[in-house]
Amino acid sequence: YYPDPGQRNLRRVLSGYLNVEPERIVAGNGSDELIDLLLRIYVGVGDNVIIPTPTFGMYTFSTGICGGETISVERDDTFEIDLEAMKSAITSNSKIIFLASPNNPTGNIVPEAQARALLDTGLLVVMDEAYFEFCGETAIPLLSEYPNLVVLRTFSKWAGLAGLRIGFGAMQPDLARTLMGIKPPYNVNQAAEVALTASLEDISCLLERVANIIAERDRMAQVLHGIPGVKPWPSQANFILCELPEG
Ligand SMILES: *Cc1c(COP(=O)(O)O)cnc(C)c1O
């Protein structure tokens with residue numbers, strides 16, 4: 001038996017989990033695959049993508065594969081997004097803005113006002129919420145307001161399924177239909193689908209582990225603060241970025 005190319009069961013289960021219509025949901029071989037598929041739709045030679053740097057490496061990698069260029073806009077000295085610099089970086093060939101929230105590797109989130117300001121540019125904004133479960137802040141409610149918003153999630157981090165490769169995106173139905181039309185038919189394997197379903201059936205156990213990780217993250221940050229010369233950055237994810245003394 002092959003997996004269902006229409007992802008009917010997966011989209012139904014995810015729809016119940018997110019409270020988003022199944023027609024707005026597409027599952028991928030990890031959320032990395034959805035990044036790649038979105039870029040294939042939107043970006044070709046001569047186009048560009050805007051990212052606030054430092055951020056997750058796959059945006060630049062997959063943009064390059066499509067022949068596109070990445071415009072990296074430096075974050076400020078507390079790693080917040082520089083909104084004005086982001087907006088003035090936009091050119092007539094800009095196609096997508098990628099925002100990771102919480103951001104990898106800095107651990108901070110994109111405040112809603114900043115997300116809205118960038119959505120108001122009209123470019124496709126991809127909010128990558130790979131660490132959502134460790135912070136609880138999401139752009140999902142903005143989907144009904146902004147047809148140019150895509151929210152990506154993954155079961156790799158909070159549910160521990162990185163090796164099985166299962167992520168998903170929520171977006172406007174037209175774009176979801178286009179993605180369904182260009183994805184490899186069997187992109188999500190049967191084992192990943194079973195693991196996702198089992199994870200959601202056992203969600204209270206998984207969320208208890210997430211709560212433990214959050215508590216340990218905060219304890220760890222305190223301990224790191226106590227070490228001379230070590231500067232841990234505040235994190236809403238499951239990791240802590242640290243500045244260390246030279247040597
Ligand atoms: C880990 C990570 C991903 C990739 O997740 P997969 O679903 O395993 O492909 C995407 N975005 C960010 C910011 C990540 O840290």
Side-chain angles (χ1 to χ4, degrees), residues 3 7 10-11 13-14 17-18 25-40 49-66 70 72-73 75 79-81 96-111 114-115 118 124-140 149-171 179 183-184 186-189 191-197 199-200 206 209-210 213-214 217 233-242:
Q7 304 181 342
L10 267 174
R11 295 170 96 192
V13 169
L14 286 168
Y17 171 53
L18 293 174
I25 297 170
V26 180
N29 192 274
S31 49
D32 281 356
E33 185 189 30
L34 296 166
I35 294 167
D36 173 69
L37 292 173
L38 286 165
L39 284 162
R40 289 205 225 177
V49 157
I50 299 182
I51 56 169
T53 191
T55 190
F56 186 52
M58 287 305 288
Y59 312 137
T60 299
F61 174 79
S62 296
T63 299
I65 297 287
C66 291
T70 310
S72 297
V73 178
R75 290 164 181 265
F79 296 126
E80 293 302 320
I81 292 169
I96 306 184
I97 298 173
F98 280 99
L99 304 173
S101 182
N103 186 43
N104 174 356
T106 57
N108 56 332
I109 64 163
V110 180
Q114 285 194 347
L118 292 169
L124 187 76
V125 173
V126 178
M127 283 285 271
D128 182 346
E129 299 183 350
Y131 301 95
F132 159 73
E133 287 76 8
F134 302 97
C135 82
E137 305 257 350
T138 179
I140 294 265
L149 172 64
V150 175
V151 177
L152 299 182
R153 298 267 189 90
T154 177
F155 278 64
S156 289
K157 313 289 161 62
W158 72 285
L161 297 184
L164 283 165
R165 312 304 301 135
I166 175 81
F168 61 91
M171 64 206 80
L179 273 177
K183 75 174 180 59
Y186 313 118
N187 64 328
V188 176
N189 71 76
E193 177 173 336
V194 169
L196 175 142
T197 309
S199 297
L200 291 179
L206 290 172
R209 287 185 201 160
V210 166
I213 291 168
I214 292 170
R217 172 192 73 200
W233 289 86
S235 172
Q236 306 219 52
N238 64 345
F239 52 81
I240 301 171
L241 178 69
C242 275

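Numbering of ligands and ligand atoms starts at 1, following listing order. What you see is a predicted model, and the numbers here were worked out from it, not measured in a lab.
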Query raised in the report: Would you say Leu34 and Val126 make side-chain contact, with heavy atoms under 4.5 Å?
Result: no

**Report entry** Closest to atom 13 (C) of ligand 1 (judged by heavy-atom distance), picking from Asn238, Leu164, Leu161, Asp128
**Finding:** Asp128

Query raised in the report: Is there a heavy atom in Met58 that sits closer than 4.0 Å to ligand 1?
Result: no

Query raised in the report: Among all protein non-hydrogen atoms, which one is nearest to atom 4 (C) of ligand 1, and what is the separation to 0.1 Å?
Result: Asp32 OD1, 3.2 Å

Query - Member of Asp128, Asn108, Thr55, Thr53 meeting the side chain to side chain donor-acceptor pair (under 3.5 Å) criterion with Asn103 - result: Thr55

Query - Per-atom contacts of ligand 1 with Gly30, taking only distances under 4.0 Å to non-hydrogen atoms - result: 6 (P), 7 (O), 9 (O)

Requested in this report: Compare all side-chain heavy atoms of Leu18 with those of Arg153 and state whether any distance is below 4.5 angstrom.
Outcome: yes

Report task. Determine whether the aromatic ring centres of Tyr131 and Phe239 lie less than 6.0 Å apart. Result -> yes

**Report entry** Heavy-atom side-chain proximity of Pro54 to Pro105 below 4.5 angstrom
**Finding:** yes

Report summary line: If you compare Arg153, Glu33, Lys157 by their heavy atoms, the one closest to atom 1 (C) of ligand 1 turns out to be Lys157

Query raised in the report: Can you tell me if Gly167 has a non-hydrogen atom under 4.0 Å from ligand 1?
Result: no

Query - Close side-chain approach of Ile109 and Pro102, heavy atoms under 4.5 Å - result: yes

Query - Under 3.5 Å donor-acceptor, Asn238 side chain and Trp158 backbone - result: no

Query - Sub-4.5 Å side-chain heavy-atom contact between Phe98 and Leu39 - result: yes

**Report entry** Selection from Ser31, Ala130, Ala100 by shortest heavy-atom distance to atom 6 (P) of ligand 1
**Finding:** Ser31

Report summary line: Among non-hydrogen protein atoms, atom 15 (O) of ligand 1 lies closest to Tyr131 OH, 2.7 Å

Requested in this report: Mind checking whether Asn104 contacts ligand 1 via backbone (N, CA, C, O), side chain (CB onward), both or neither, at a 4.0 Å heavy-atom cut-off?
Outcome: side chain

**Report entry** Atoms in ligand 1 with a heavy atom of Arg165 nearer than 4.0 Å
**Finding:** 6 (P), 8 (O), 9 (O)

Query - Ligand-residue contact atoms, ligand 1 with Ser156, heavy atoms, under 4.0 Å - result: 6 (P), 7 (O), 8 (O)

Report task. Heavy-atom distances under 4.0 Å are what count here, so tell me which part of Phe155 touches ligand 1: side chain, backbone, both or neither. Result -> neither

